[in-house]
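Shown next, in structure tokens, is the structure this report addresses.
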Amino acid sequence: MNFVYISPNFPDTAWKFCAALKSNGVSVFGVGDQAYDTLKPELKNSLTEYFKVSSLENYDEVYRACAFFTWKHGRIDWLESNNEYWLEQDARLRTDFNINTGLKLDSIRYIKEKSEMKKLYAQGGIRTARQIKASEGFHPVKWFAGEAGYPIFAKPDVGVGANGTYKLNSDADLEWFFNNVKDVNDYVIEEYVTGNICDYDAIIDSHGNPLFESWSICPPSIADIVANNLDSVYHVEKEMNENLRFWGRQTIKAFNVKSRFVHLEFFRLDRAHRGLGNVGDFVALEVNMRPGGGFTPDMLNYAHAVDVYKIWADMVVYDKSNQPNTPDNYYCVFAGRRDGVAYRLDHNAMMEKYKYALKQWDRMPDALAPAMGNQTYIAQFATEQEKDNFLADIYDRI
């Protein structure tokens with residue numbers, strides 16, 4: 001099998017997908033913008049060949065790289081980046097090279113545009129917040145705000161994470177939004193839903209069946225973390241929530257997901273919401289047809305004593321999972337601290353107190369710090385009480 005991996009050097013976990021493919025006998029060809037000599041040894045050892053381009057944004061260069069691999073090694077069987085940013089380019093390359101093992105251009109809009117997602121959610125009977133396109137104009141959006149009630153939430157129709165999002169609390173905020181935000185017509189406006197964001201992570205085979213499922217809880221949303229400079233925290237739950245499993249699988253069917261690692265976002269309501277449900281009900285937020293970002297794949301491994309990189313590679317090669325079932329399940333917590341904040345337990349004290357539980361600890365690059373914190377920790381716990389004690393300690397400020 002010939003597999004072209006786009007951007008195997010970023011994010012940092014990408015090399016682990018390449019290594020898992022190689023362990024299954026796959027020829028892995030990387031296309032990236034980093035010099036080969038500077039790639040980490042683990043990635044070099046996972047690649048059959050590497051083609052450096054000056055920019056992954058330059059489609060012609062990336063196309064020529066794939067054409068070179070085809071000329072030298074034969075037909076490309078799979079092409080993937082597992083990265084939200086490159087989903088559309090991946091689809092274009094699959095279309096141009098007639099690669100039939102992933103999304104093509106004719107279906108990409110339904111997973112890139114939030115307004116198009118709504119249509120498939122509706123067809124699947126999955127509850128979502130009401131929405132209107134900003135391109136309909138100020139007065140229709142103002143009428144929508146009157147119906148939905150303030151606050152309302154504005155976000156790019158095509159976008160990743162919390163970048164460019166706005167919480168609008170009044171008509172005055174709405175006027176400011178229309179008068180000052182660049183590319184305002186590319187936005188969608190939604191009624192504001194409160195509750196925890198819960199993620200359904202799954203690896204899906206070619207028949208739409210989950211080979212692996214898990215869920216995590218994010219008490220503050222990434223949008224709130226960035227906007228209000230909050231502490232960054234989320235955790236993978238020990239046992240699967242059966243209600244979320246149902247709605248996650250309904251979403252898989254509605255979007256006809258096949259042969260992918262997915263990260264689906266839901267609200268779990270913290271108050272009754274007209275037309276959406278009662279406290280504890282799940283409401284769909286958006287689909288992400290790639291693994292969860294940051295350290296999420298590693299956290300899934302710590303939580304469930306599995307190897308999601310290998311499960312994904314087994315899906316690619318065998319269309320099934322060869323991972324043994326394990327009864328070992330844990331809570332896995334991500335916590336990010338900010339520089340300049342006085343915490344009761346400093347870094348050294350946390351390392352000493354929780355050395356039995358800590359799995360990873362990292363300093364974040366400045367570009368990632370607003371969403372993740374400057375100093376991050378990943379810890380594994382057998383009980384909910386241990387998890388809660390850890391979070392109480394890590395965010396206890398002087």
Return yes if some donor-acceptor pair links the side-chain N/O of N196 with the main-chain N/O of I217 below 3.5 Å, else return no.
-> no
So, are K52 and D37 salt-bridged, with charged N and O less than 4.0 Å apart?
-> no
Do K118 and E190 meet the salt-bridge criterion of a basic N to acidic O distance under 4.0 Å?
-> yes
Note: R245-E242 ion pair, threshold 4.0 Å (strictly below) = yes
Do you see a donor-acceptor pair shorter than 3.5 Å between the side chains of Y121 and E286?
-> no
Distance-minimising heavy-atom pair for M315 and D205 = CG-CA, 4.0 Å
How many angstroms lie between OH in Y331 and CD in Q385, if you round to the nearest 0.5 Å?
-> 10.5 Å
Y200-N241 side chain donor-acceptor pair, cut-off 3.5 Å | no
Any chance CD of E88 has more than 12 other-residue heavy atoms, nucleotides or ligands included, within less than 6.0 Å?
-> no
Electrostatic pair E80:R260 at N-O distance under 4.0 angstrom | yes
Qualifying ring-ring contact (aromatic ring centres under 6.0 Å, His included) pairs with a residue from residues 362-398, counting only residues at least two apart or across chains | H347-Y377, Y354-F390, F381-F390
For the residue pair P8 and V31, what are the closest heavy atoms and their distance?
-> CD-O, 3.4 Å
Any side-chain heavy atom of L56 sitting closer than 4.5 Å to one from Y85?
-> no
Does A305 offer a backbone N or O that forms a donor-acceptor pair with the side chain of D328 under 3.5 Å?
-> no
Would you find a donor on one side and an acceptor on the other, under 3.5 Å apart, between the side chain of D362 and the backbone of M364?
-> no
Mind checking the CD1-OG1 spacing from I126 to T251? Nearest 0.5 Å is all I need.
-> 3.5 Å
Donor on one side chain, acceptor on other, S321 and D314, under 3.5 Å = no
Would you mind reporting whether D186 and D157 have side-chain heavy atoms less than 4.5 Å apart?
-> no
Please check if the side chain of R94 supplies one atom and the backbone of I99 the other of a donor-acceptor pair under 3.5 Å.
-> no
Using 4.0 Å as the upper bound for N to carboxylate O, is an ion pair formed by D298 and K16?
-> yes
All heavy atoms of H273 vs all of Y192, minimum pair found to be CE1-O, 3.5 Å
Which atoms form the tightest heavy-atom contact between G292 and D201, and what is the distance?
-> N-OD1, 4.1 Å
Heavy-atom distance under 4.5 Å between the side chains of L21 and W312, does that happen here?
-> yes
Beyond-backbone contact of N288 with D199, side-chain heavy atoms, under 4.5 angstrom = no
Is any side-chain heavy atom of D60 less than 4.5 Å from a side-chain heavy atom of R64?
-> yes
Return yes if some donor-acceptor pair links the side-chain N/O of T128 with the main-chain N/O of A284 below 3.5 Å, else return no.
-> no
Is there a donor-acceptor pair under 3.5 Å between the side chain of N301 and the backbone N or O of V308?
-> yes
Determine whether the side chains of N45 and K40 contain a donor N or O and an acceptor N or O closer than 3.5 Å.
-> no
With no hydrogens and no angle check, is any side-chain donor or acceptor of N9 less than 3.5 Å from a backbone partner on L39?
-> no
Under 3.5 Å, is there a donor-acceptor pair linking the side chains of Y166 and N180?
-> no
Hey, does S216 have a side-chain heavy atom less than 4.5 Å from the side chain of T296?
-> no
Nearest atoms (heavy-atom pairs only) where V158 meets K114 | C-NZ, 4.2 Å
Taking side chain as C-beta onward, heavy atoms only, is Y63 less than 4.5 Å from R92?
-> no
K310 side chain to N24 side chain, donor-acceptor N/O pair below 3.5 angstrom = yes
Distance only, no hydrogens: is a donor on one side chain within 3.5 Å (strictly under) of an acceptor on the other, for S55 and E61?
-> no
Sub-3.5 Å donor-acceptor pair from the side chain of K238 to the main-chain atoms of A382, do we have one?
-> yes
Closest approach of Q34 and Y50, non-hydrogen atoms and distance?
-> O-OH, 2.6 Å
Side chains of F212 and L300 in contact at under 4.5 Å (non-hydrogen atoms) | yes
